[in-house]
Number of protein chains: 2
Amino acid sequence: MTVTLKDIARQVGVSVTTVSRALAGYNDVAAGTRQRIQEAAAELGYSPNITAQRLQKRRTDTLGFIMPTFGPRFSDPFFSEFIAGIGNEAAAHDYDLLVSTHAPDSQGEQKAYQRAVKRGWVDGLIVVRTRENDARIKLLHEHHFPFVVFGRTNDALDYPYVDEDSEAGMRLLVQHFIDLGHRRIGLITSPPGLMFGRYRLQSFHDTMGDNGLPIQPEWIVEGALTQRSGAEAAGQLLALDPRPTAIIGGNDLMAIGAINRIQQIGLKAGQDIAVGGFDDVPSAAYMSPPLTTLHQPIYKIGRDTCAMLIDLINGRLPTTTHILLTPSLIIRASSGQSIL
Amino acid sequence: MTVTLKDIARQVGVSVTTVSRALAGYNDVAAGTRQRIQEAAAELGYSPNITAQRLQKRRTDTLGFIMPTFGPRFSDPFFSEFIAGIGNEAAAHDYDLLVSTHAPDSQGEQKAYQRAVKRGWVDGLIVVRTRENDARIKLLHEHHFPFVVFGRTNDALDYPYVDEDSEAGMRLLVQHFIDLGHRRIGLITSPPGLMFGRYRLQSFHDTMGDNGLPIQPEWIVEGALTQRSGAEAAGQLLALDPRPTAIIGGNDLMAIGAINRIQQIGLKAGQDIAVGGFDDVPSAAYMSPPLTTLHQPIYKIGRDTCAMLIDLINGRLPTTTHILLTPSLIIRASSGQSIL
DNA sequence: ACCATCTTCCAAAACGTTTTGGAAGATGAG
DNA sequence: CTCATCTTCCAAAACGTTTTGGAAGATGGT
């Protein structure tokens, strides 16, 4: 069937050892012998079996990425860009990328992490969308398994991570709206338990407070990170009396949903109601109105996270294991003009 | 370090064989012995090493998906939804999914396919975005390697595929515009060499011809499947005199870019210029105006493709290996009213 | 002619699992 | 008591590779 070292050995009339060492470039093989072996290998079309190499080397040269997906069918531009980032970086270092989709805290997710930790499934893991009391991180940490996280947790554990400074981001956005004269600002939050939502919500409170502005509880509505849920949440906010003059989406997808709902009831986003988002997804700049948002360099974050993990796996401690990136506020038409 | 069969065998005082067979549930193990083995396994926290199992079984239980990406940094909602589809289906059958990103026809891509074919990298491959004279398909076909394709090629080769009927889709969309009274219709095509672009272009020509409508060469502009390129191409179309009254994007991303450019120069998409796209990406319904487009059930296509591949790998010939899905036209505000 | 040193090769072990082909002892039928 | 049949176990081989620890023969210096 497929060609093995044994086949070459038989054809050339040497031992498997010699074939292996000849092809690996050791210098204890006579030039002529090596020549004949190389020719035979080329002729037979030999390529070493990956699984056998992995067993022998006790490493898989594979990285794992377990995507936490809400609901079976889902689509989030964040993930394709992030995968492109880690995928390219991994490929550059000759690592494979194993991708698995599982609902957060589901049995399937737990099994996947167990396989990594106990069964030599992959050499390291990339963890995203941190949760409060994140069981994944506890597990990996106590098994001393190599991993890097995009996000932080509320544990006291020390582990390498890359994160965006959600607090700073939200502060920029809220202050921007306040400076434009807004006083009643609605917020569409992400599902509970997600750390980044927690930081953003906290910062929303803080920034409003620092400006001496009270917050009505009904200004804060929960969404599910999708356009549809953003539209629904916006519907609730727009039904308030008085209604908010600005709406912040916990991510761009929800902000896009909000804009849609605003137009639907006959108002103009960016004129009657200001809107802002988080992420700067590719479509954000092409909406009408274009969406004011906080730019996160997702692709770069993916690359950096992956590079850090590879260093970790190979025992090269990264110089810094805690990276906090400040998102930059991209002001576009959806935040409108001053209403003062 | 990690626990192996040997460790359990030593602790219980039996052979490795017996441990293996006890845990695998064979009935040639005494009840008491099995009990002690199971307890020891639980106590030591044993889980079988995946790589060793794979070597022994000569199968990886892993599927490969090599994403053809244009440019290093990229983001296409098509891929995240497609990955979710194949990922979930794969997980349901206990298969892993290996994802690799490579530029089309690049060296890296070729190497990846070689690894699959010759080195036991994965048990099967999913191929997408077929190209003219697609080298990937020729390679896989001549090596009798299990694979399923999303898309068709111009080869005479027989292989299993799932595809959307681009010709039917384009016909629906063009006819829709013609019925609304449009006579000058611009088309933003995908990069050359991509089969789906070829079908769409051909069908564009055919449908216009069938309606007795001539096509000016300058109505057809090439894009790169991104919002930005769609905006640029639309810019060219809008500069024509007389300019087209309708613009079709080769995919939704380019249609979204076109809408953006239309608004930018002070015209109203869906009123002054009709716009249509392909794919029905999640954002399409939330644009303003919402985008008329051809809905492709990407998630389902991913699942079906993957299911077919798994059948193939396990020697269960799927009943049908050629599936052609007709996209449905979703009419939204961007196609506007009749202009007659 | 003898010993030391190179050069070239390979058998065996190892990675951790599953499968094959018995073997030893217990049980039961006659 | 004898032979056949179960029950329970295991040594060895296998998957395909890499590494270890020599061994045999060639070379060269004296």
Side-chain angles (χ1 to χ4, degrees), chain A residues 1-38 40-41 44-62 94 114-123, chain B residues 1-38 40-41 44-62 94 96 115-123:
Chain A
M1 211 52 207
T2 57
V3 188
T4 70
L5 286 180
K6 204 190 282 187
D7 298 321
I8 303 179
R10 193 175 329 113
Q11 163 143 347
V12 178
V14 293
S15 75
V16 166
T17 307
T18 304
V19 177
S20 174
R21 296 185 71 82
L23 294 177
Y26 285 85
N27 65 355
D28 61 354
V29 180
T33 313
R34 165 170 289 130
Q35 174 86 12
R36 281 185 297 137
I37 289 174
Q38 281 169 340
L44 298 177
Y46 169 78
S47 294
N49 179 283
I50 289 187
T51 306
Q53 282 183 328
R54 288 181 177 169
L55 178 58
Q56 153 70 27
K57 294 198 157 139
R58 260 141 304 168
R59 48 184 297 166
T60 62
D61 292 324
T62 302
D94 285 321
Q114 288 288 343
R115 291 208 298 166
V117 166
K118 304 187 59 172
R119 304 188 55 191
W121 186 43
V122 295
D123 293 343
Chain B
M1 209 51 211
T2 57
V3 188
T4 70
L5 286 179
K6 204 190 283 186
D7 298 322
I8 302 179
R10 191 174 333 112
Q11 163 142 350
V12 178
V14 294
S15 75
V16 166
T17 306
T18 304
V19 177
S20 173
R21 296 185 72 81
L23 295 177
Y26 286 84
N27 65 356
D28 61 354
V29 179
T33 312
R34 167 172 286 128
Q35 173 86 13
R36 281 183 298 135
I37 289 174
Q38 281 169 340
L44 297 177
Y46 169 78
S47 294
N49 178 284
I50 288 187
T51 306
Q53 282 183 327
R54 288 180 177 169
L55 178 59
Q56 152 70 27
K57 295 197 158 139
R58 261 142 304 168
R59 50 184 297 167
T60 61
D61 291 324
T62 302
D94 284 322
D96 283 335
R115 292 209 296 166
V117 166
K118 305 186 58 173
R119 304 188 54 191
W121 186 42
V122 295
D123 292 343

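Everything numeric here is computed off the predicted structure, so don't read it as measured data. These numbers come from the heavy atoms of this one structure, side chains and all, not from hydrogens, waters or symmetry mates. A note on names: the letters A, B, ... follow the listed sequences, proteins ahead of strands, and every chain is numbered from 1.
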Ignoring backbone atoms, test whether [X] places a side-chain nitrogen or oxygen under 4.0 Å from the OP1 or OP2 oxygen of [N].
X      : N       : result
S15(A) : dC9(C)  : no
T4(B)  : dG16(C) : no
T33(B) : dC9(D)  : yes
Y26(A) : dT19(D) : yes

Nucleotide [N], atom [atom2] - distance to [atom1] of [X] in whole Å:
X       : N       : atom1 : atom2 : answer
D61(B)  : dT17(C) : CG    : P     : 16 Å
D28(A)  : dG25(D) : CG    : C1'   : 15 Å
I8(A)   : dG16(D) : CD1   : P     : 13 Å
K6(B)   : dT17(C) : NZ    : C1'   : 12 Å
R58(A)  : dT17(D) : CZ    : C1'   : 11 Å
K118(B) : dG16(D) : NZ    : P     : 16 Å
K57(A)  : dG16(C) : NZ    : P     : 16 Å
I50(B)  : dT17(C) : CD1   : P     : 11 Å

If dG22(C) has a Watson-Crick or G-U wobble mate with both distances under 3.5 Å, name it; if not, just say none. dC9(D)

Side chain of [X] (C-beta onward), nearest among [options]:
X      : options                   : answer
L55(A) : dC15(C), dT17(C), dC15(D) : dC15(C)
L5(B)  : dT17(C), dT17(D), dC9(C)  : dT17(C)
R21(A) : dC10(D), dT17(D), dC10(C) : dC10(C)
Q53(B) : dC9(D), dT17(C), dT18(D)  : dT17(C)
T18(A) : dC15(C), dT17(C), dC10(C) : dC10(C)

Do the side chains of [Y] and [X] get nearer than 4.5 Å, heavy atoms only?
X      : Y       : value
V19(B) : Y46(B)  : no
T4(B)  : N49(B)  : no
D61(A) : D123(A) : yes
V14(B) : T33(B)  : yes
T62(A) : W121(A) : no

Between R58(B) and Q56(B), is there a donor-acceptor pair closer than 3.5 Å when you use the side chain of the first and the backbone of the second? yes

Note: for Q56(B) and V16(B) on DNA chain D, the residue whose nearest nucleotide lies more 5' is V16(B)

Result for 5'-nearest mapping on DNA chain D, choosing between T17(B) and N27(B), is N27(B)

Please work out if N49(B) contacts a base, only the sugar-phosphate, or nothing of the nucleic acid, heavy-atom cut-off 4.0 Å. sugar-phosphate

